[in-house]
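Only one structure is covered here, and it is reproduced in the block below.
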Amino acid sequence: MRVRFAPSPTGALHIGGARTALYNWLLARQSGGAFVLRIEDTDRERSTPENVEQIYDALRWLELEWDEGPFSQAQRRPRHEEEIQRLQAEGHAYLDEGAVRLRVPDEGATTVQDVIRGEVVFEHAAIDDFVIARSDGSPLYNLAVAVDDRDMGITHVVRGADHLSNTPRQLLILRALGAEPPVYAHLPLLHGTDGKKLSKRHGAASVQELREAGYLPEAVCNYIALLGWGYDESTEFFTTEELVERFSLERVSKSPAVFDEQKLRWMNGHYLRRLEPGELRDRLEALLGRPIPEAAVAVAQEKMQTLTDFWRLAAFLVEPQPLDERAWEKVMTDGAPDRLRRAREAIASAEPFEPETLETALRSVVDELGVKPRDVYQPVRVAISGTTVSPGIFESVAALGREEALARIDRALDRAGA
RNA sequence: GGGGGCGUGGUCUAGUGGUUAGGACGCCGGCCUUUCAAGCCGGAGGACACGGGUUCGAUCCCCGUCGCCCCUACCA
């Protein structure tokens, strides 16, 4: 199979485009064929180098490497003009007020054989003689696509369903050109929560936004693969290899899907928890642009759903955070300073300085004082994290190190006037 | 207006001429427990868009209606 991904560079690549690219890439890998990248940049107003770079950037991040290209459709203009001339010379197209129109038969119909939708029939009566070249001679979309797909030997055109209605036009051009049409597969559109086709205007999630929000590329691929495709009745997680092996156009659904970030978060959390702490730290450092202690990473890992959650969860392990006054008021009640002082002694003498020994030491304080565990743990938590909510207290104290933990507790004791 | 596509809980989906219509996210509750998550367990939530057929029987087959979306540009 020779497939292609042919985005028009209108800005950041959104998840609809990413899914189209993924499906094409999967088919190429599965069949041992080629994945061709072609930039549909004939509309020069929208096609800025920055926009084109964003597409490369998104594909690279998702690790959907292309085998051929990137080709610029605009640069192929001589070829398009050549074919426009030929169509005119052979009577398939004609000049109309300077523009060139394709002659569409009045009778009959053109049938699209779509792998996903079956036969779709378009009566010619409903298709006007459409323009294939502007009066300034520049080729238009349908012409350029048909010529490029043919020239590039594309065997399967897999794209969004928004192109289904354009397909008979491309088929008509191909036929006039005397070319064999490719196999078509029109994917269900991705809609925004408002039910409309996803686009920049709808604030559609772009690939770069997802990256900045702390999603992992493998989780994003897994999630978007499921938007319009299902393997069986219950499997949700697929490695890239499994996707390559199991994906098939026949199982792609026909109805539009809505992007659900909640589910992506859930899935991303699974991927995050599966990472080795060292690997997770590398990714965090790459995203946050600063060194992160691995001990802090390990502590936060079990609660994170996105990489950016790390900061919310474990910033206090990297550097002291502002004290939450309400947390302080809530926890530092009568007797709390005293319990905190006892906890300090236990922490000071725990040996070795590990979660297990800290747990033993702090539990014995709880037992000796005859109070509830939270009466001891929450003051410690507020002292070291500044809030009432944090990862496991023993892990957190261990990750902080004895010296820093004690320093923070002393500061809290000072504040309490104890 | 014309043409085309689509229609299974809020969302993503599985599924078949006879099933208690399956799974997942989310939601609710419980367990765990030092907080919040995670994890585990349980629960609520669907007349399979609607109306006609065909059939002993339709979510599934046929027709119609409605709804939504796409195309209908000298945009892509």
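In what follows, every chain begins at residue 1, and chains take the letters A, B, ... in the order their sequences are listed.
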Tabulated below should be each protein N or O lying under 3.5 Å from an N or O of nucleotides 23-29 of chain B; please produce it.
unit_1 : atom_1 : unit_2   : atom_2 : d
B:A24  : O2'    : A:Glu236 : OE1    : 2.6
B:A24  : N3     : A:Lys263 : NZ     : 3.3
B:C25  : OP1    : A:Trp266 : NE1    : 3.4
B:C25  : O2'    : A:Lys263 : N      : 3.2

Please tabulate, one pair per line, each protein N/O and nucleotide N/O from nucleotides 40-45 of chain B that are separated by under 3.5 Å, including the distance.
none

Strictly under 3.5 Å: I want the nitrogen or oxygen pairs between protein and nucleotides 4-7 of chain B, one per line.
unit_1 : atom_1 : unit_2   : atom_2 : d
B:G5   : O2'    : A:Arg117 : NH1    : 2.8

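Separating the P atom of B:U34 from that of B:A49 is a span of 49 Å, rounded to the nearest Å. Taking the P atom of each, B:C63 and B:A47 are spaced 25 Å apart, rounded to whole Å. Of the P atoms belonging to B:G53 and B:C60, the separation is 14 Å, rounded to the nearest Å. When the C1' atom is used for both B:G46 and B:G10, the distance is 12 Å, rounded to whole Å. One C1' atom belongs to B:C68, the other to B:C74, and the distance between them is 31 Å to the nearest Å. Distance check on atom C1': B:G18 versus B:U13 gives 24 Å, rounded to whole Å. Across the P atoms, B:G15 and B:G22 are found 14 Å apart, a figure rounded to whole Å. Nucleotides B:C69 and B:U8 place their P atoms 15 Å apart, quoted to the nearest Å.
Close placement of the A:Tyr377 and A:Phe394 rings is indicated, their centers lying within 6.0 Å of each other. Taking the six-membered ring for Trp and the full ring otherwise, the centers of A:Trp66 and A:Tyr56 sit less than 6.0 Å from each other. Checked against the 6.0 Å centroid criterion, the rings of A:His163 and A:Tyr141 qualify as a close aromatic pair.
Nucleotide B:C32 is matched to nothing when pairs are restricted to Watson-Crick or G-U wobble geometry with both distances under 3.5 angstrom. Across all strands shown, nothing is found opposite B:A58 as a Watson-Crick or G-U wobble partner with both distances under 3.5 Å. Judged by Watson-Crick or G-U wobble contacts below 3.5 Å, the nucleotide B:C74 has no partner. Base pairing analysis places B:G64 opposite B:C50; the two distances defining the Watson-Crick or G-U wobble pair are each below 3.5 Å. Pairing for B:C25 is with B:G10, a Watson-Crick or G-U wobble pair whose two hydrogen-bonding atom distances lie under 3.5 Å.
Distance CG (A:Asp162) to C1' (B:U72): 14 Å, rounded to an integer number of Å. The distance between atom NZ of A:Lys330 and atom C1' of B:U34, rounded to the nearest whole Å, is 12 Å. The distance between atom CD of A:Gln170 and atom P of B:C71, rounded to the nearest whole Å, is 13 Å. Rounded to whole Å, the distance from CG on A:Leu362 to C1' on B:U35 is 15 Å. One can place CZ of A:Arg339 at 13 Å from C1' of B:U34, the figure rounded to the nearest angstrom. The separation between A:Leu189 atom CG and B:C12 atom C1' is 16 Å, rounded to whole Å. A:Met267 places its CE atom 12 Å from the C1' atom of B:U13, with the value rounded to the nearest Å. One atom, CE of A:Met304, and another, P of B:A37, lie 17 Å apart when rounded to the nearest Å.
Set against B:C12, B:U72, B:U35, the side chain of A:Asp128 has B:U72 as its closest nucleotide. In this structure, of B:C71, B:A37, B:C12, it is B:C71 that holds the atom nearest to the side chain of A:Arg169. The listed nucleotides are B:C75, B:U13, B:U11; the one nearest the side chain of A:Val258 is B:U11.
The stretch residues 383-408 of chain A touches RNA chain B through A:Thr388, A:Val389, A:Ser390, A:Pro391, A:Gly392, A:Ile393, A:Phe394, each having a heavy atom within less than 4.0 Å of the strand.
Between A:Asn268 and A:Ala219, the shortest heavy-atom contact is OD1-CB, 3.2 Å. Nearest heavy-atom pair, A:Pro181 versus A:Leu171, reported as atom, atom and distance to 0.1 Å: CB-CD1, 3.5 Å. The two atoms that bring A:Pro182 and A:His156 nearest to each other are CB-N, 4.3 Å, heavy atoms only.
Remark: A:Pro256 pairs with A:His191 by the side-chain contact (heavy atoms from CB on, under 4.5 Å) rule, at least two apart or across chains. Looking at residues two or more places apart in sequence or on another chain, you find a side-chain contact (heavy atoms from CB on, under 4.5 Å) between A:Gln321 and A:Ala315, A:Phe316, A:Glu319.
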List the steps and the verdict of salt bridge (charged side-chain N to carboxylate O under 4.0 Å, His left out) for A:Arg101 and A:Asp128. CA-CA 9 Å; A:Arg101 287 181 185 275; A:Asp128 297 329; over 6 Å; no
Check against salt bridge (charged side-chain N to carboxylate O under 4.0 Å, His left out), A:Asp57 and A:Arg60: CA-CA 5 Å; A:Asp57 181 52; A:Arg60 281 193 285 252; 5.2 Å; no
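Interatomic distance, CD of A:Glu359 versus CD1 of A:Ile393, reported as 11.5 Å (0.5 Å rounding). For the atom pair CZ of A:Arg4 and CZ of A:Arg159, the computed distance is 5.5 Å after rounding to the nearest 0.5 Å.
Residue A:Arg134 places at least one side-chain N or O closer than 4.0 Å to OP1 or OP2 of B:C75. Distances shorter than 4.0 Å separate none of the side-chain N or O atoms of A:Arg159 from OP1 or OP2 on B:C71.
When each of A:Val331, A:Val380, A:Val382, A:Asp410 is tested with A:Leu340 by the rule side chain to side chain contact (heavy atoms under 4.5 Å, CB included), just one qualifies, namely A:Val380.
Within the 4.5 Å cutoff, no side-chain heavy atoms of A:Ile39 are placed close to those of A:Ser47. Side chains of A:Glu236 and A:Lys263 form a contact here, defined as non-hydrogen atoms less than 4.5 Å apart. Contact annotation: the side chain of A:Pro188 approaches that of A:Arg117 to within less than 4.5 Å [non-hydrogen atoms, C-beta and beyond].
With hydrogens and angles left out, the side chain of A:Asp41 and the base of B:A76 share no donor-acceptor pair within 3.5 Å.
Where A:Val252 and A:Glu302 each meet RNA chain B at their nearest nucleotide, the meeting point lying more 5' is that of A:Val252. Residues A:Ala99 and A:Arg273 each lie close to RNA chain B; by heavy-atom proximity, the contact nearer the 5' end of the strand is made by A:Arg273.
Residue A:Arg246 places its CZ atom among more than 12 non-hydrogen atoms of other residues, nucleotides or ligands, all under 6.0 Å distant.
Among the protein residues, A:Asp232 comes within range of the sugar-phosphate backbone only, with heavy atoms under 4.0 Å from sugar or phosphate atoms but none that close to a base. When heavy atoms are screened at a 4.0 angstrom cut-off, A:His186 is found touching no nucleic acid atom at all.
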